[in-house]
*Asks:* 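Input: one structure, supplied below.
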Amino acid sequence: MYPPYQPVPRFYIERITIAAMCNESMDLHWHDPASRQSYMARIWPQDVSEESGAEWLMARNETGEAVRIRLDLIRNFPTPVK
């Protein structure tokens with residue numbers, strides 16, 4: 001169903017943690033192989049969890065529904081700014 005997990009740069013976790021702490025939204029584009037759908041939506045990160053060797057973003061969308069996104073399937077994750 002899902003391809004093997006590809007580890008993501010650690011700044012992904014740092015960026016999500018900051019967004020969750022500040023109640024900041026992120027406009028993300030991701031693919032879900034299980035449903036064969038691609039999504040582009042504004043989400044509010046809540047946490048990152050690990051399950052079966054993969055890391056998942058737990059978030060809420062604009063309507064307040066829970067969203068679960070595997071980190072390596074995010075297509076437009078913001079790059080760090082120095």
Side-chain angles (χ1 to χ4, degrees):
M1 193 137 106
Y2 282 94
Y5 182 73
Q6 300 297 312
V8 298
R10 293 295 87 197
F11 77 82
Y12 274 39
I13 307 299
E14 293 169 11
R15 184 68 187 91
I16 290 167
T17 301
I18 292 168
M21 289 172 49
C22 297
N23 196 33
E24 178 184 341
S25 66
M26 300 176 96
D27 294 322
L28 296 182
H29 174 224
W30 69 95
H31 180 72
D32 180 10
S35 66
R36 295 186 177 157
Q37 296 286 320
S38 287
Y39 300 91
M40 182 172 265
R42 177 162 291 165
I43 58 98
W44 282 261
Q46 306 292 303
D47 197 10
V48 174
S49 65
E50 187 175 333
E51 183 182 313
S52 303
E55 294 170 301
W56 297 81
L57 167 59
M58 311 306 286
R60 299 255 173 230
N61 65 15
E62 291 178 307
T63 62
E65 292 178 71
V67 179
R68 185 170 172 250
I69 307 165
R70 204 171 87 175
L71 291 186
D72 65 331
L73 300 177
I74 297 172
R75 302 292 183 231
N76 69 327
F77 204 88
T79 56
V81 177
K82 292 188 179 193

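None of the values given here were measured: they were computed from a predicted structure.
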*Asks:* Could you work out, with side-chain hydrogen bond (donor to acceptor under 3.5 Å, both in side chains) as the rule, every residue matching His31, not counting sequence neighbours?
*Replies:* Ser38
*Asks:* Taking the six-membered ring for Trp, are Trp30 and Tyr39 parallel (under 30°), tilted (30 to 60°) or perpendicular (over 60°)?
*Replies:* parallel
*Asks:* Excluding sequence neighbours, so at least two apart, what forms side chain to side chain contact (heavy atoms under 4.5 Å, CB included) with Arg42?
*Replies:* Ser25, Asp27, Trp44, Glu62
*Asks:* Among all residues two or more places apart in sequence or in another chain, which pass the side-chain hydrogen bond (donor to acceptor under 3.5 Å, both in side chains) test with Thr63?
*Replies:* Asn61, Glu65
*Asks:* With sequence neighbours excluded, tell me which residues meet side chain to side chain contact (heavy atoms under 4.5 Å, CB included) with Ser52.
*Replies:* none
*Asks:* Please report the closest heavy-atom contact between Phe77 and Met26, naming both atoms and the distance.
*Replies:* CZ-CE, 4.0 Å
*Asks:* Considering all heavy atoms of both residues, which atom of Pro3 and which atom of Pro33 are nearest to each other, and what is their separation?
*Replies:* CD-CG, 3.7 Å
*Asks:* Let's go through Ile74 and Val8 carefully: what are the C-alpha distance in whole Å and the side-chain angles of both, what is the deciding distance for side chain to side chain contact (heavy atoms under 4.5 Å, CB included) to 0.1 Å, and is it a yes or a no?
*Replies:* CA-CA 10 Å; Ile74 297 172; Val8 298; over 6 Å; no
*Asks:* Heavy atoms only: give me the nearest Pro4-Asp72 pair and the separation to one decimal.
*Replies:* O-OD2, 3.9 Å
*Asks:* Please determine whether the number of non-hydrogen atoms from other residues, nucleotides or ligands lying under 6.0 Å from atom CZ of Arg36 exceeds 12.
*Replies:* no
*Asks:* What pairs meet the salt bridge (Lys or Arg N to Asp or Glu O under 4.0 Å) rule with one or both residues in residues 12-24, with sequence neighbours excluded?
*Replies:* Arg15-Glu24
*Asks:* Taking atom CG of Leu57 and atom CG of Leu28, what is their separation to the nearest 0.5 Å?
*Replies:* 7.0 Å
*Asks:* What are the two closest non-hydrogen atoms of His29 and Asn76, and how far apart are they?
*Replies:* N-OD1, 2.7 Å
*Asks:* Considering only residues two or more places apart or on different chains, which pairs with a residue in residues 44-54 satisfy salt bridge (Lys or Arg N to Asp or Glu O under 4.0 Å)?
*Replies:* Glu51-Arg68
*Asks:* In terms of hydrophobic clustering (I, L, V, M, F, W, Y; side-chain heavy atoms under 4.5 Å; direct or indirect links), are Ile18 and Val48 co-clustered?
*Replies:* no
*Asks:* So which atom in Gln46 and which in Ala59 form the shortest heavy-atom distance, rounded to 0.1 Å?
*Replies:* CG-CA, 3.7 Å
*Asks:* If you compare all heavy atoms of Tyr12 against all heavy atoms of Leu71, which two are closest, and at what distance to 0.1 Å?
*Replies:* CE2-O, 3.9 Å
*Asks:* Nearest 0.5 Å, please: how far is CZ in Phe11 from CD1 in Ile16?
*Replies:* 10.0 Å
